[in-house]
2 protein chains.
Amino acid sequence: MITPVTLFKSLADETRLKSILLITQEKELCVCELQHALDESQPKISRHLAQLKQIGLLQDRRNGKWVYYRMHDDLSGWVNEIIALALTNNANFLSTASESLFAMGDRPTRIASCCET
Amino acid sequence: MITPVTLFKSLADETRLKSILLITQEKELCVCELQHALDESQPKISRHLAQLKQIGLLQDRRNGKWVYYRMHDDLSGWVNEIIALALTNNANFLSTASESLFAMGDRPTRIASCCET
DNA sequence: AACTCATATATGGAAAATCGAATATGTTTT
DNA sequence: AAAACATATTCGATTTTCCATATATGAGTT
């Protein structure tokens with residue numbers, strides 16, 4: 001069970017918050033997609049994702065060379081609700097990253113999406 | 001307009017989060033009540049409240065020697081909703097502070113409550 | 001097996017957050 | 001106006017967070 005302080009600390013960083021909101025919006029994203037969408041270095045993205053995974057907010061799965069992150073399945077309802085509220089009420093906060101993601105060419109998601117359960 | 005990162009940073013500290021949740025629960029609290037409920041030093045409480053006020057999460061009013069803090073009237077709906085979710089889903093996180101507040105003798109609130117609009 | 005690509009981690013340093021202690025301000029009481 | 005009380009602020013120090021760089025791991029590809 002995640003504590004409220006731990007949750008809010010996780011959301012209190014621009015890179016982490018945008019990552020979580022993008023992942024929530026897109027269901028699942030790999031490191032390189034977040035790297036492109038947020039225009040940040042690979043280690044930076046990877047480090048924050050590892051942190052979010054360690055806390056239990058995210059879970060990952062590897063598919064070939066790519067590692068896909070999504071919200072953890074076992075999150076309490078109120079955690080998901082808080083994230084959903086943040087997402088739906090801060091469209092402009094995420095717009096640039098979101099547009100950048102859609103403009104990205106060669107997204108591995110397309111290839112992977114055909115293999116999902 | 002508060003940004004989501006600013007909001008979550010505000011909630012990412014135990015003293016601040018408990019203060020905000022207690023204030024939300026009790027409508028209005030003065031520094032000495034929070035000091036007692038959270039069992040923290042006066043400067044520490046005061047400093048965090050000042051920070052929350054500066055951000056625009058709290059507003060204060062002075063009544064005699066006491067300064068009462070409450071949630072800011074002009075907060076966006078989603079901000080209040082997030083705080084309400086945190087409050088209703090983390091009873092145990094707040095229980096000790098809450099009990100300590102109720103056990104406090106000579107609460108100035110009692111005197112002030114007769115003068116509120 | 002060597003090479004490439006995607007991702008992860010380790011390290012040292014910089015920046016930011018937090019704190020305790022001391023002190024200042026403002027209000028009431030005497 | 002001095003004393004007492006509630007609150008605010010300053011200061012230096014500690015701790016925590018964050019980052020860039022370099023390097024490691026792990027999976028496909030040739």
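In this text the structure is predicted, and so the values were computed from the model without any measurement. Naming convention: chains lettered A, B, ... in sequence-line order (proteins, then strands); numbering from 1 in each chain.
Whole-Å rounding puts the A:Tyr69 OH to C:dT7 P distance at 9 Å. Atom pair B:Lys65:NZ and C:dT25:P shows a separation of 20 Å (rounding to whole Å applied). Rounded to whole angstrom, the span from the CH2 atom of A:Trp66 across to the P atom of C:dT4 amounts to 17 Å. Atoms CD1 (B:Ile45) and P (C:dT18) sit 13 Å apart, rounded to a whole Å. Counting to the nearest Å, the C1' atom of C:dT23 and the CZ atom of B:Arg47 are 14 Å from each other. Rounded to whole Å, the distance from CG on B:Asn63 to P on C:dT28 is 9 Å. The distance from atom CD of B:Gln51 to atom P of C:dA17 is 8 Å, rounded to the nearest whole Å. The distance between atom CZ of B:Arg16 and atom C1' of C:dT18, rounded to the nearest whole Å, is 9 Å.
Closest contact between the side chain of A:Gln42 and the listed nucleotides C:dT7, C:dA21, C:dC19 involves C:dT7. You'll find that the side chain of A:Val31 is closest to C:dT7, out of C:dT7, C:dT28, C:dA17. With distances taken from any side-chain atom of B:Thr15 to the nucleotides C:dC19, C:dT27, C:dT7, the minimum falls on C:dC19.
Minimum heavy-atom separation, A:Glu14 to B:Val5: CA-CG2, 3.9 Å. In this structure, A:Ala86 and B:Ile82 approach most closely via the heavy-atom pair N-CD1, 4.4 Å.
Note that A:Lys9 lies outside the cation-pi zone of B:Phe8, set by a 6.0 Å cut-off to the ring centre and a 45° limit from the axis.
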Verdict with supporting geometry, A:Ser98 and A:Gln25, side chain to side chain donor-acceptor pair (under 3.5 Å): CA-CA 9 Å; A:Ser98 207; A:Gln25 184 176 268; 3.0 Å; yes
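Nearest-nucleotide positions on DNA chain D place A:Asp13 closer to the 5' end than the other of A:Pro43 and A:Asp13.
Under 4.0 Å is where a charged nitrogen must lie from a carboxylate oxygen, and between A:Arg70 and A:Glu26 no such pair does.
Contact footprint of chain A on DNA chain D: nucleotides with an atom under 4.0 Å from a non-hydrogen protein atom, first to last in 5' to 3' order, D:dT17 to D:dG28.
The shortest side-chain heavy-atom distance between B:Leu52 and B:Tyr69 does not fall under the 4.5 Å cut-off.
Between the side chain of A:Ser41 and the backbone N or O of A:Lys44 there is at least one donor-acceptor pair closer than 3.5 Å.
Residue contacts shown for B:Arg62 are limited to sugar-phosphate atoms, with no base heavy atom under 4.0 Å away.
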